[in-house]
Each structure stands twice: as C-alpha cells, then as structure tokens.
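Along the sequence shown, residues are numbered consecutively beginning with 1.
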Amino acid sequence: MKNTVIIVAGGKGLRMGGDLPKQFIPLRGKPVLMHTLDVFHQWNAAADLLLVIPEEHESYWKMLCRELNFTIPHRVVYGGETRFHSVRNGLREVSGEGLVAVHDGVRPFVSYDVISSCFTIAEAFGAAIPVVPMIESVREVNGGESHPFDRNRLCIVQTPQVFRADLLLKAYNQSYDERFTDDASLVEASGNMIRLVDGNRENIKITTPMDLRYAEIILENR
C-alpha cells in the first residue's frame, strides 16, 4: 500500500524570537525540519514525502539543502493561511489510494515504532493517532470558577496522524472551522472513528526556546 507523509511547516513559527521560523532553527548542525524528514526517510525510504512550507521560504530551503548536501527525496508544496489550508494544499498532491500521514515539521523525535503502529492501525481501521497520558493535574475552568478534572480521562495528542487517503480527502472537503484543531477532529466530524496508539514522550513539538534546549538533551542522550 502506498504511504504518503505530509510534513507541515507552513507557519511563520516566530515564538522562538528573532526572524528565523522555528522549523529552520539549527539543531546539531542542521535545521529541525531536516531531522524530521530524515526520521520518515529512515523509517521507509519508499514513502512519498511532501513538505509544506511558505512559498516565500522555498528559496531559503533550497539553499539550505544545497549547503548541507541534504538529498533525501521530497516534494515541496506551498503552505496556506492556516494549518488547515496547508494540509489541504498537500492533499492536492495525493491520490485517493493508500495511507496518508500528517506530521508537524517541528516534531523530529517521533519513534519508528510509533510511526509503524499508526500506519498499521490506520490500514486496519482507517484512522490512527498517537497519544500520551496526561501526567499533570488539571482543572476545568467555567467562568470565574474551576474544579478538578480526572486526568485519566485525558490524553495529549501527537503526530503523525495517519488515515486512509479517501477518508482524509473527504474530511478536507469541509469548510474551514477553527474548532477543528487537528486532522483527527476533521475526520471524526466526517463520521469516522479515531483509533488511539501509544505515542512516545520524546515526540515533542519544538515551539519555544525551552523546547529547543530539551531537544538538545534528547540528542545528547541518543
């Protein structure tokens, strides 16, 4: 079965500070985004990798690839106004067959086991996403009041989120709604059940300077 991976890095990503989007920030000598592409290429060199980046960053990305001799095969797709529009742009390059994973470009530490499990479960049931348990105490806020909430009923959602291609294409025919915070919520709204897969704690989304420091520690311990 054909495997396609849409790696989404279509945002400005400036919460790190400065002018360089987070997906291009160097991590051990190469941009975060290259680490992410490398993970999926190492997992399955035959997978079709679609990289979604802002159109204005394409020349910069190509320059980085030349300077760092980055040769992992991938296709560049231009991002859109929101993540929803970026993923939909990527889906325009996908046929209606096989499995499609959508992964955050700034999650370079997803494990091979997690990727494989998501694809296996999606092939069997149509849709699978990785999650990890909530370990912090949480409270539900309602107006000016709050009360404890059972954290065992919650989990933290990660990527890649993997779907049968026809299900994901159908889901993205819906109009944009800011209530849909990820691909799974869109697919679920189309009437499909989402299966959960155990994620890995290291699969962090690098969005702040503290995240980048943690990423360095992860690499040091590998």
Side-chain angles (χ1 to χ4, degrees), residues 1-11 23 32-53 72-80 82-132 155-174 176 180-200 202-205:
M1 181 174 285
K2 180 181 178 182
N3 293 331
T4 301
V5 181
I6 300 175
I7 297 176
V8 186
Q23 60 265 38
V32 169
L33 198 48
M34 288 185 181
H35 288 276
T36 304
L37 283 160
D38 185 59
V39 168
F40 285 92
H41 182 68
Q42 294 296 327
W43 168 72
N44 181 356
D48 185 16
L49 303 182
L50 300 176
L51 175 62
V52 184
I53 58 176
I72 288 176
H74 64 280
R75 293 185 284 153
V76 171
V77 179
Y78 296 147
T82 66
R83 185 184 188 279
F84 171 92
H85 297 95
S86 291
V87 174
R88 190 161 65 181
N89 288 352
L91 284 171
R92 289 177 179 145
E93 303 297 319
V94 177
S95 69
E97 299 179 352
L99 297 172
V100 179
V102 183
H103 188 69
D104 298 322
V106 289
R107 288 188 188 268
F109 302 124
V110 60
S111 73
Y112 302 143
D113 286 344
V114 169
I115 299 172
S116 295
S117 294
C118 287
F119 271 89
T120 297
I121 298 301
E123 183 175 3
F125 299 103
I129 64 172
V131 299
V132 292
C155 59
I156 298 170
V157 176
Q158 302 180 332
T159 65
Q161 300 189 0
V162 185
F163 310 92
R164 221 173 57 219
D166 61 312
L167 297 184
L168 192 58
L169 288 164
K170 177 185 175 183
Y172 270 90
N173 282 331
Q174 299 176 82
Y176 170 69
F180 297 137
T181 57
D182 64 357
D183 311 286
S185 57
L186 268 169
V187 171
E188 192 170 43
S190 297
N192 299 283
M193 181 177 179
I194 307 299
R195 304 280 175 157
L196 304 183
V197 172
D198 289 337
N200 64 296
E202 299 82 9
N203 186 18
I204 62 170
K205 187 175 183 181

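Contact annotation: the side chain of His85 approaches that of Tyr176 to within less than 4.5 Å [non-hydrogen atoms, C-beta and beyond]. The closest side-chain heavy-atom distance from Val157 to Leu196 is not below 4.5 Å. Taking the side chain as every heavy atom from C-beta outward, Met34 and Pro108 never approach each other to under 4.5 Å. Looking only at side-chain heavy atoms (C-beta outward), Gln158 and Val110 stay at 4.5 Å or farther from each other. No side-chain heavy atom of Val100 sits less than 4.5 Å from a side-chain heavy atom of Phe163. Residues Asn89 and Leu91 form no side-chain contact, since every pair of their non-hydrogen atoms from C-beta on lies 4.5 Å or further apart. Side-chain contact between Val39 and Ile115 is present, with heavy atoms from C-beta onward closer than 4.5 Å. Taking the side chain as every heavy atom from C-beta outward, Leu51 and Val77 never approach each other to under 4.5 Å.
Thr159 and Val102 get closest at one heavy-atom pair: CB-O, 3.6 Å. Residue Ala127 comes nearest to Ile194 through the heavy atom pair CB-CD1, 3.8 Å, listed as atom of the first residue, atom of the second, then distance. Shortest non-hydrogen contact noted between Val32 and Val106 is CG1-CA, 3.9 Å. Across Gly199 and Pro130, no two heavy atoms sit closer than the pair CA-CB, 3.9 Å. Closest approach of Val197 to Ala128, counting heavy atoms only: CG2-CB, 4.1 Å. In terms of heavy atoms, Ile6 sits closest to Val52 at CG2-CG2, 3.8 Å.
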Next item on the list: Test side-chain contact (heavy atoms from CB on, under 4.5 Å) on Glu97 and Lys2 and set out the steps.
Entry: CA-CA 7 Å; Glu97 299 179 352; Lys2 180 181 178 182; over 6 Å; no

Next item on the list: Step by step, work out the side-chain contact (heavy atoms from CB on, under 4.5 Å) result for Phe40 and His103.
Entry: CA-CA 10 Å; Phe40 285 92; His103 188 69; 3.4 Å; yes

Margin query: Before you tell me yes or no, could you show the steps for Trp43 and Phe119 under side-chain contact (heavy atoms from CB on, under 4.5 Å), namely the whole-Å CA-CA distance, both residues' side-chain angles and the distance that decides it to 0.1 Å?
Written below: CA-CA 11 Å; Trp43 168 72; Phe119 271 89; 3.5 Å; yes

Next item on the list: Go through the steps to decide whether Arg83 and Asp104 satisfy the test salt bridge (charged side-chain N to carboxylate O under 4.0 Å, His left out), and finish with yes or no.
Entry: CA-CA 10 Å; Arg83 185 184 188 279; Asp104 298 322; 3.5 Å; yes

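Checked by atom type and distance alone, the side chain of His74 pairs as donor or acceptor with a backbone atom of Ile72 at under 3.5 Å. Remark: the backbone N or O of Asn3 is not paired with any side-chain donor or acceptor of Asp48 at under 3.5 angstrom. Between the side chain of Asn200 and the backbone N or O of Phe109, at least one donor-acceptor pair lies under 3.5 Å. Ser86 places a side-chain N or O within 3.5 Å of a backbone atom of Gly80 that can act as its donor or acceptor partner. At least one donor-acceptor pair under 3.5 Å links the side chain of Ser185 to the backbone N or O of Asp182. Looking only at distances, a side-chain donor or acceptor of Arg107 sits under 3.5 Å from a matching main-chain atom of Asn203. Remark: the backbone N or O of Ala184 is paired with a side-chain donor or acceptor of Gln161 at under 3.5 angstrom.
Judged by the 6.0 Å distance and 45° axis criteria, Arg88 is not positioned over the aromatic ring of Tyr172.
Remark: Lys170 NZ to Asn192 CG distance equals 6.5 Å, nearest 0.5 Å. Going from atom CD of Gln174 over to atom CZ of Phe84 covers 7.5 Å, rounded to the nearest 0.5 Å. Atom SG in Cys155 sits 10.0 Å away from atom CG in Asp198 (nearest 0.5 Å). If you take SG on Cys118 and CG on Leu99, they are separated by 11.0 Å, rounding to the nearest 0.5 Å. The OG1 atom of Thr36 sits 6.0 Å away from the CG atom of Leu33 when rounded to the nearest 0.5 Å. Atom CD1 of Ile53 and atom CD1 of Ile7 lie 11.5 Å apart (nearest 0.5 Å).
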